[in-house]
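Note on naming: letters A, B, ... go to the chains in the order of the sequence lines (proteins, then strands), and numbering restarts at 1 for each one. On a predicted model such as this, the values are computed, not experimentally measured, just so you know. Keep in mind that the numbers below use all heavy atoms, side chains included, and drop hydrogens, waters and symmetry copies.
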Amino acid sequence: MLLYNLLGFAVLIVVSVGIAVAVYRLLHNDLRDLLAAALKVPGGTSFYLRALLVVLLFSALAGSVGKDFSLKPESAFIEYVWAINSGLKDVFQNSLLSLLGYLALITVLAATLKPKNE
Amino acid sequence: MSNEQFLILTFILGACLALGLGLATYAWLRRPFLEIVASLRSPRLESIIRKLFPVTKLLAALLGFVSVSYYGSCPSRSYVAIVADRRYVVAKNQEQMATALGYLVLAVLLWGLLLTVILRVTRRPAASRAGEP
C-alpha cells in the first residue's frame, strides 16, 4: 500500500528529527557555557550552536531520507516496523559519526582558544 | 505524466531542493558567521571569507546532488531500464538528497574548524602582547 509506505516514511522522518532535537537540547546549555568561555567573540557561541543543530539535523535526515520505503501491498505490519528499524540504523550511524566529528571540533576549539587561567 | 517526464521533473525538483538546502544552511548560519568575521582585523581576509561561505554551502549541496549516478554500478542500468522504473527514480532522488545533506554536514564541520584556526591565529598576537612586560 502506498499509504502505508508513506506513513512509515513519515514516521521515520519524525523520529529522526526528534532524535536530533533531543540530542541538541541535551548538549545545549553546557555547550553554550563552554563556547562562551572559550570564544569571547561576538556571534561565536551562536555560530557553533547553530552549526551543531545543522549537523545533527542534516545527518539524521540524510539517514532517513535515503531509505527506500517501497514494501509490497501484502507486506505484514511488522515488515513496516523492520523497514523503520533499518532506516533508524542509518540515522544512528550518521548521527554518531557527525557527533564525533563535532566533538573533535569542539575539543580543538576548547584546547586552542580557552584562556589558560580558566 | 510519462515516465520520462517524471524523471526530468524529479531531477529538476531535486536540484532545486538541494540548492534550497544549501541556501537555508547559509541563511541559518549567516548572522553569527558575519559577526565572527567582523571581529577579524584583516579586511581582505574578512572579504574573502565572507564571499566564500555561501559559495561553499551551495557547492557542497550541488556536489552531493550530482555525485549520485542514475546508471548505478555492477551491473549498470540502461537508460530505458531507468526510465521504466519509477521506484528506482524515486530511490535515486532520495539518495541525491541524502548525499547533499551529508556534504552540507561536512561543509559546516569544516567551516567550524576553519574558523577555530582563524580565531586562534588572529588572537595569538594579542595574547603575546599581553604577556610582554
Side-chain angles (χ1 to χ4, degrees), chain A residues 2 5-6 9 12-13 16 20 35 38-72 87 90-91 93-95 97-116, chain B residues 14 17 21-22 24-40 53 57 60-61 64 68 85-88 90-124 126-127 130-131:
Chain A
L2 179 64
N5 279 325
L6 281 176
F9 189 65
L12 183 60
I13 297 280
S16 54
L35 289 170
L39 283 167
K40 294 185 170 50
V41 174
T45 305
S46 178
F47 177 81
Y48 282 96
L49 283 175
R50 286 181 182 212
L52 173 65
L53 187 60
V54 169
V55 164
L56 285 172
L57 207 56
F58 280 13
S59 54
L61 280 175
S64 54
V65 166
K67 172 72 187 156
D68 182 16
F69 234 103
S70 49
L71 292 171
K72 293 190 175 81
D90 292 336
V91 170
Q93 184 178 299
N94 285 1
S95 300
L97 288 175
S98 304
L99 258 182
L100 288 175
Y102 190 83
L103 180 68
L105 168 66
I106 292 301
T107 306
V108 171
L109 186 148
T112 55
L113 294 179
K114 198 170 184 184
K116 286 191 169 55
Chain B
L17 193 57
L21 283 169
T25 310
Y26 167 64
W28 175 243
L29 296 173
R30 182 176 170 274
R31 194 183 54 77
F33 176 80
L34 290 180
E35 283 176 17
I36 295 176
V37 170
S39 70
L40 302 177
F53 189 63
K57 291 284 169 285
V68 174
D85 191 353
R86 280 198 183 199
R87 268 173 52 186
Y88 179 77
V90 171
K92 281 292 166 188
N93 289 141
Q94 289 176 258
E95 194 181 330
Q96 285 172 323
M97 286 307 107
T99 318
L101 288 166
Y103 274 99
L104 277 172
V105 168
L106 201 61
V108 169
L109 286 175
L110 286 177
W111 266 106
L113 188 63
L114 187 70
L115 282 181
T116 304
V117 172
I118 290 172
L119 285 172
R120 172 67 182 158
V121 169
T122 53
R123 188 182 279 187
R124 188 178 290 163

What part of Arg30(B) gets within 4.5 angstrom of chain A, counting heavy atoms only: side chain, backbone, both, or neither? neither
Does any backbone or side-chain atom of Leu115(B) lie under 4.5 Å from a heavy atom of chain A? Answer side chain, backbone, both or neither. both
Is it the backbone or the side chain of Leu53(A) that comes under 4.5 Å from a heavy atom of chain B, or both, or neither? side chain
If I measure from the heavy atoms of chain B, does Val41(A) come under 4.5 Å with its side chain, its backbone, both, or neither? side chain
Of all heavy-atom pairs linking Pro32(B) and Phe47(A), the shortest is CB-N, 3.4 Å
For chain A, which of Leu29(B), Leu106(B), Leu113(B), Val108(B) has the most heavy-atom pairs under 4.5 Å? Leu29(B)
Indicate yes or no: at least one non-hydrogen side-chain atom of Ile36(B) is less than 4.5 angstrom from one of Phe33(B). no
Under 3.5 Å, is there a donor-acceptor pair between the side chain of Tyr48(A) and the main chain of Gly112(B)? yes
Which residues satisfy the side-chain hydrogen bond (donor to acceptor under 3.5 Å, both in side chains) test with Trp111(B), sequence neighbours excluded? Thr56(B)
Ignoring hydrogens and geometry beyond distance, is a side-chain donor-acceptor pair present between Asn93(B) and Gln96(B) at under 3.5 Å? yes
